[in-house]
Visitor: 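To start, I am sharing the structure in question, which I have written as structure tokens.
Every chain is numbered from 1, with letters handed out A, B, ... down the list of sequences.
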Amino acid sequence: MKKILVWFRNELRIHDNPALFLACQEKNAQVESVYIAPIEQWKEHNMSKIQCFFIWKNLKIFSKNLQKIGIKLNYFSCKKYRDQIKIIYYFCLKKKIGKIFYNKEYSVNEIKRDQKIKKILKRKKIKIIDLRGNLIFSPGKILSKKNIPYKKYYFFKKSFISLVKKKKISCFPVPKMKKEIFFSDCIPPFYKSFQKNRYKLQNFGEKEAIKKLKNFCRYKIKHYHKANKTVNDERNSQISAFLSIGVISPRKCLYEVTKRKKYSQLSEGEKKWIEEIIWREFYKHTLFFYPKFFFVKHYISWTENIRWRKNRKIFKSWTNGKTGCPIVDASMRMLKKKGWINNRLRMICASFLVKNLFIDWRMGEKYFMSKLIDGDVALNNGNWQWIASTGINSSPYYRIFNPYYQSKKIDKKGKFIKKWIPELNQISTEHLHEENFLKKIKNYSKIPEKDKYSKEEIIDLYEKNKIKI
DNA sequence: CACGGGTTCGG
DNA sequence: CGAACCCGT
């Protein structure tokens, strides 16, 4: 009997998991599985405590789900990313593994790790089967007419949709049940000091995630196109956290929306929601092809000349929700407490940091990662650079969000603002979105006027550096 | 078939 | 503004 290893990395699920499914398809094989948590590295990369906790909880449930189909999950933890290589290597030798299955990851460290392990295991004649589990299309599948990866979302989207129209989307089923096994999982918490009571967490596990997805697609998705007009969380699918750690697959999401209809028959809300999945796919493809523009240099090269401020005190006012702009403060306080705010609010806060306070977008990017339950490097970095007008597909630098206008639009009655900023409880609704009125309120802390910039000043700061090379 | 000009569109 | 397309030469 041959021995096969499934190495789980960013997919804590038994549904639509190509590596798991195909490993179980092998004839006369005994399937082993491994998950490795590089905890130190997570911390170094600013992964939030809540996301670590979320992984841990879901991992425990995943382990139970695997037991039900007769597979044991071997858990390891390590410090660095590269330590994973050793663990896999010795596991393979010890258990006499002949073949490894895993789903590919597309970020820089992950690619390096996988290249190394391929090299090392080749010497030992261990086969590696790498599959696509966390993207709907592989990077390279969606290219322009000149066979170049897109740099503009608009064209990527068009191409993506035409592919979806042509291809039937289907998911990998759960592998056939073998005899159920029992063992205790022995997975210690990643953070000892994490106080889960501070957050009202969502439920955990794959079953919950799928239930949530199906429920959303059945009832709420119809109204999704209105989601950016309100701060009501009920409008959102609330599955981003599951998606970010692979408890649910993007293909499953797309499948649930399109399984009964053709693309052209989809409602406005359904199309809008699919677009969010396309954005995710866009940034992940782009990161794969142009990692440099995420981590090293700005795609819009002249923006390298900009000397953003790095003022800690002002930055702290922003993270603590004490800027004096209610919609920003409410959002930042919620983010800190819950680890989640909706996309529109993230944009407003990010824009405020970069284009009202003129602080380096990278500081904001790091902070978001350190708080978000659904943090994802590609999406977080991509969106921050969109706001900062520095990256691929970034917004024109002269386009600047007006937080007061946004606030009026999405929280007209001030319900959200008042919930998070008790200092403003006594203020009447119409004044909540009035910059000049808010300046006069005494017990509501704010950033001094001299540290804020007007739209014209910011445009000027950008334009000063706009030297074409 | 490579090029370039005109057009379209943008979280 | 500028990427990517279309369409003409």
Side-chain angles (χ1 to χ4, degrees), chain A residues 140-163 223-231 235-237 240 268-287 289-290 292-294 297-306 327-328 331 341-355 361 364-365 368 374 376 378-403 405-407 409-410 455 458-469:
Chain A
K141 193 84 189 156
I142 295 172
L143 297 173
S144 73
K145 289 264 149 73
K146 285 183 176 165
N147 274 335
I148 305 167
Y150 288 103
K151 297 181 206 75
K152 290 279 181 190
Y153 170 73
Y154 173 76
F155 293 102
F156 182 88
K157 176 182 86 177
K158 275 177 103 173
S159 181
F160 187 99
I161 290 170
S162 72
L163 253 181
H223 307 289
Y224 186 73
H225 55 294
K226 295 180 246 167
N228 63 357
K229 294 195 181 84
T230 148
V231 282
R235 284 263 191 265
N236 294 88
S237 63
S240 61
E268 213 181 319
E270 285 169 324
K271 281 183 183 163
K272 188 86 195 156
W273 195 67
I274 287 176
E275 271 211 38
E276 300 299 329
I277 302 167
I278 306 177
W279 271 106
R280 179 182 184 277
E281 208 91 352
F282 171 71
Y283 281 132
K284 289 194 176 258
H285 283 219
T286 329
L287 172 61
F289 287 113
Y290 310 105
K292 165 171 127 182
F293 297 130
F294 282 71
K297 272 203 145 97
H298 292 152
Y299 177 67
I300 308 293
S301 54
W302 63 264
T303 59
E304 283 290 331
N305 300 327
I306 298 171
I327 196 75
V328 173
S331 307
I341 49 177
N342 74 27
N343 187 249
R344 175 53 48 129
L345 296 174
R346 291 179 203 194
M347 298 263 181
I348 294 169
C349 292
S351 171
F352 192 82
L353 185 76
V354 181
K355 288 184 173 167
W361 66 269
E365 182 217 3
F368 268 30
D374 59 9
D376 181 302
L379 312 200
N380 191 46
N381 186 304
N383 280 132
W384 269 96
Q385 294 214 58
W386 186 81
I387 286 289
S389 309
T390 58
I392 284 172
N393 194 56
S394 56
S395 74
Y397 64 94
Y398 47 81
R399 197 170 289 168
I400 297 175
F401 272 72
N402 179 335
Y405 173 81
Q406 290 288 330
S407 155
K409 203 168 108 186
I410 63 178
K455 186 175 170 172
I458 287 289
I459 291 173
D460 201 47
L461 282 164
Y462 269 84
E463 251 160 23
K464 254 200 260 167
N465 290 297
K466 206 181 167 196
I467 308 145
K468 285 220 171 174
I469 309 151

Visitor: Could you work out, with side-chain contact (heavy atoms from CB on, under 4.5 Å) as the rule, every residue matching I459(A), not counting sequence neighbours?
Guide: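 Result, side-chain contact (heavy atoms from CB on, under 4.5 Å) vs I459(A): Y397(A), Y398(A), I400(A), K455(A), E463(A).
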Visitor: In whole angstrom, give the distance that lies between atom CD of E463(A) and atom P of dC1(C).
Guide: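 So the CD-P distance, E463(A) to dC1(C), works out to 11 Å.
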Visitor: Expected output is a numbered-order residue list: members of residues 379-389 of chain A with a heavy atom under 4.0 Å from any atom of DNA chain B. What is it?
Guide: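 By residue number: N383(A), W386(A).
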Visitor: Reading DNA chain B from 5' to 3', where do the contacts with chain A start and stop? Cut-off is 4.0 Å to heavy atoms.
Guide: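 Using the under 4.0 Å cut-off, the span is dC9(B) to dG11(B).
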Visitor: Restricting to pairs with a member in residues 150-161 of chain A, which pass salt bridge (charged side-chain N to carboxylate O under 4.0 Å, His left out), not counting sequence neighbours?
Guide: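 Listed by first then second residue: K157(A)-E275(A).
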Visitor: Provide, to the nearest angstrom, the distance between the OH atom belonging to Y153(A) and the C1' atom belonging to dG2(C).
Guide: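 For the pair Y153(A) OH and dG2(C) C1', the rounded distance is 19 Å.
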Visitor: Figure out the CD1/P separation between I300(A) and dG2(C), and round it to whole Å.
Guide: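 Those two atoms, CD1 and P, are 8 Å apart.
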Visitor: Got a sec, which residues hit ring pair (Phe, Tyr, Trp, His ring centres under 6.0 Å) with F155(A), two or more places apart in sequence or on another chain?
Guide: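 Ring pair (Phe, Tyr, Trp, His ring centres under 6.0 Å) list for F155(A), sorted by chain: empty.
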Visitor: Restricting to salt bridge (charged side-chain N to carboxylate O under 4.0 Å, His left out), what partner residues turn up for E365(A), sequence neighbours left out?
Guide: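 Partners of E365(A) by the salt bridge (charged side-chain N to carboxylate O under 4.0 Å, His left out) criterion come out as none, since no residue qualifies.
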Visitor: List the residues meeting ring pair (Phe, Tyr, Trp, His ring centres under 6.0 Å) with F352(A), not counting sequence neighbours, and say none if there are none.
Guide: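 None.
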Visitor: Kindly say whether S394(A) contributes a backbone atom to a donor-acceptor pair with the side chain of S389(A) at under 3.5 angstrom?
Guide: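 No.
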Visitor: List the residues meeting salt bridge (charged side-chain N to carboxylate O under 4.0 Å, His left out) with K271(A), not counting sequence neighbours, and say none if there are none.
Guide: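 Scan of K271(A) (salt bridge (charged side-chain N to carboxylate O under 4.0 Å, His left out), adjacent residues dropped) gives none.
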Visitor: Please report, rounded to the nearest Å, how far the C1' atom of dC1(C) is from the CG atom of N393(A).
Guide: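 After rounding, the gap between these two atoms is 13 Å.
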Visitor: Go through the structure and list residues passing ring pair (Phe, Tyr, Trp, His ring centres under 6.0 Å) with Y150(A), not counting sequence neighbours.
Guide: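 By the ring pair (Phe, Tyr, Trp, His ring centres under 6.0 Å) rule, Y150(A) matches no residue at all.
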Visitor: To the nearest Å, give me how far apart NZ (K145(A)) and P (dC7(C)) are.
Guide: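 For the pair K145(A) NZ and dC7(C) P, the rounded distance is 10 Å.
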Visitor: Can you measure K158(A) atom NZ to dC5(C) atom P for me and round it to whole angstrom units?
Guide: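 After rounding, the gap between these two atoms is 8 Å.
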Visitor: Which whole-number value in Å describes the distance from Y290(A) OH to dA3(C) C1'?
Guide: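 After rounding, the reported distance stands at 11 Å.
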Visitor: When you check the phosphate oxygens OP1 and OP2 of dG2(C), does a side-chain N or O of K152(A) lie under 4.0 Å from one of them?
Guide: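 Answer no for this pair, as no side-chain N or O of K152(A) is under 4.0 Å from OP1 or OP2.
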Visitor: Measure CD1/I148(A) against C1'/dG2(C) and give the value in whole Å, please.
Guide: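 So the CD1-C1' distance, I148(A) to dG2(C), works out to 14 Å.
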Visitor: Side chains of T390(A) and Q385(A) only: does a donor on one sit below 3.5 Å from an acceptor on the other?
Guide: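 Result is yes, a qualifying pair exists.
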